[in-house]
Structures are given as structure tokens and as C-alpha cells.
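Down below is the structure, laid out as C-alpha cells.
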Amino acid sequence: GNSSALAMPIGAALAWRLLPTSFHEFGHWHPRPPNVTEWDHGRPRPEELPLCEDLRPGVLMAGEKCWSNCGPRGDEECNTSVLSEPEQGTLEMFRHPKCKSHNRCIGYTNRVVCEVRQAGVVSDALVTSAAG
């Protein structure tokens with residue numbers, strides 16, 4: 001008696017398998033989203049960037065990035081000695097505090113992404129968000 005209440009039509013039982021993207025019975029999404037590995041549980045991988053402390057002085061140009069020195073939250077230092085000297089203007093380091101890593105850090109310290117930008121130039125993302 002109770003088994004008939006739980007039964008579903010065969011077409012409905014097979015329909016989920018015909019979808020282009022579906023949750024497989026073993027617990028994995030098919031097809032797999034791009035750049036997703038088993039360890040990150042669907043989150044994007046952190047950028048594969050060098051540590052600023054491993055770079056020679058004067059090598060980073062505008063648009064390039066590296067990981068800061070380890071520091072407590074808000075005190076991660078972006079090493080400015082790695083900035084190159086452009087022909088015009090000056091470069092500065094912009095911190096991305098939401099992009100964190102604990103690579104080679106000890107205790108309650110982290111690294112953040114440091115991005116080299118032309119000093120005084122507003123990024124396109126900031127202009128778009130201010131206009132919208």
C-alpha cells in the first residue's frame with residue numbers, strides 16, 4: 001500500500017538524468033563547472049601569484065599582482081620595493097583585503113593580494129559602480 005504513494009512515473013524518474021546540467025547520484029555536478037577541484041568545494045581557486053617578498057626589487061609593472069607579507073588583519077604589508085619605475089607617473093600598491101591566503105604564514109596572520117596601479121588613475125570598475 002505505502003509503496004504506491006512513493007512511486008513516481010518512470011518518465012519523471014528519468015527526466016533529471018536528461019538535463020544538460022544535473023546533480024549526479026554520487027554527489028557531483030555534471031558537467032563539472034570550470035576551474036573547480038575536489039578540495040575547494042565549488043569556490044574559485046586563489047590566484048596563483050608570487051609572494052612579494054620572493055620578488056627582486058623593481059620588477060612589477062601596472063596591472064601585476066603579488067601576495068603581501070604576512071600580517072594581522074588589516075596590517076598585511078604590500079612591499080613597494082618591487083614596484084618598477086614607469087616612464088611617466090608613479091606606481092602604487094592597491095590592497096585587496098578580501099583576497100586572502102595563509103601560505104607560509106604563522107599564527108593568526110594572513111596575506112592579501114597587492115595590485116600595482118598607476119597613481120591617481122581610477123579603475124574602470126570604480127567608475128562603473130559610481131555611475132550605476
Side-chain angles (χ1 to χ4, degrees):
N2 289 345
S3 62
S4 64
L6 298 176
M8 70 171 74
I10 293 175
L14 296 177
W16 70 272
R17 294 180 186 206
L18 301 176
L19 296 174
T21 303
S22 62
F23 195 70
H24 191 270
E25 60 194 345
F26 299 119
H28 297 286
W29 285 97
H30 290 280
R32 298 277 301 177
N35 299 326
V36 174
T37 61
E38 293 299 322
W39 70 270
D40 61 16
H41 306 289
R43 291 177 299 212
R45 279 182 164 271
E47 288 187 70
E48 293 188 23
L49 302 172
L51 301 180
C52 297
E53 63 199 46
D54 290 345
L55 298 174
R56 290 186 319 245
V59 296
L60 290 185
M61 296 184 287
E64 294 183 316
K65 302 174 186 174
C66 62
W67 289 104
S68 72
N69 294 340
C70 296
R73 186 177 182 181
D75 286 334
E76 305 90 348
E77 180 188 349
C78 291
N79 185 353
T80 57
S81 70
V82 298
L83 297 175
S84 63
E85 293 185 26
E87 290 184 21
Q88 294 182 349
T90 58
L91 297 176
E92 63 185 1
M93 284 288 207
F94 178 82
R95 296 172 71 251
H96 293 275
K98 291 191 178 186
C99 300
K100 296 183 234 176
S101 171
H102 191 67
N103 183 28
R104 292 177 26 193
C105 293
I106 299 171
Y108 296 105
T109 61
N110 285 306
R111 299 177 186 276
V112 296
V113 170
C114 301
E115 180 181 1
V116 181
R117 292 189 180 168
Q118 192 75 33
V121 176
V122 179
S123 77
D124 292 338
L126 292 175
V127 171
T128 303
S129 65

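For the numbers below, each heavy atom of this structure counts, side chains included, while hydrogens, waters and symmetry mates do not.
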Assess whether side-chain contact (heavy atoms from CB on, under 4.5 Å) is satisfied between V82 and R56, documenting all intermediate values. CA-CA 6 Å; V82 298; R56 290 186 319 245; over 6 Å; no

Assess whether salt bridge (Lys or Arg N to Asp or Glu O under 4.0 Å) is satisfied between E53 and R111, documenting all intermediate values. CA-CA 11 Å; E53 63 199 46; R111 299 177 186 276; 3.2 Å; yes

Tell me, with the steps shown, if N79 and S81 meet side-chain hydrogen bond (donor to acceptor under 3.5 Å, both in side chains). CA-CA 6 Å; N79 185 353; S81 70; 2.7 Å; yes

Residues Q118, L91; criterion side-chain contact (heavy atoms from CB on, under 4.5 Å); working and verdict: CA-CA 5 Å; Q118 192 75 33; L91 297 176; 3.6 Å; yes

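Taking SG from C66 and CG from L83, the interatomic distance works out to 8.5 Å, rounded to the nearest 0.5 Å. The structure places CG of L49 at 9.5 Å from CG of L60, a figure rounded to the nearest 0.5 Å. Going from atom CD of E115 over to atom SG of C99 covers 9.5 Å, rounded to the nearest 0.5 Å. We find the CG-OG distance between L51 and S101 to be 7.5 Å, quoted to the nearest 0.5 Å. Separation of atoms CG (N110) and CG (N103) is listed at 10.5 Å; rounding is to 0.5 Å. For the atom pair NZ of K65 and CE of M93, the computed distance is 12.0 Å after rounding to the nearest 0.5 Å.
Using a 4.0 Å cut-off between charged nitrogen and carboxylate oxygen, R95 and E77 do not count as a salt-bridge pair.
Side-chain atoms of V113 and W67, non-hydrogen and from C-beta on, do get closer than 4.5 Å to each other. The shortest side-chain heavy-atom distance between E64 and L55 does not fall under the 4.5 Å cut-off. Inter-residue side-chain proximity for E76 and N69 is flagged as unmet; no heavy-atom pair is nearer than 4.5 Å.
For the pair S84 (side chain) and V59 (backbone), a donor-acceptor distance under 3.5 Å is absent.
On the SG-SG cut-off of under 2.5 Å, C114 and C52 do not qualify.
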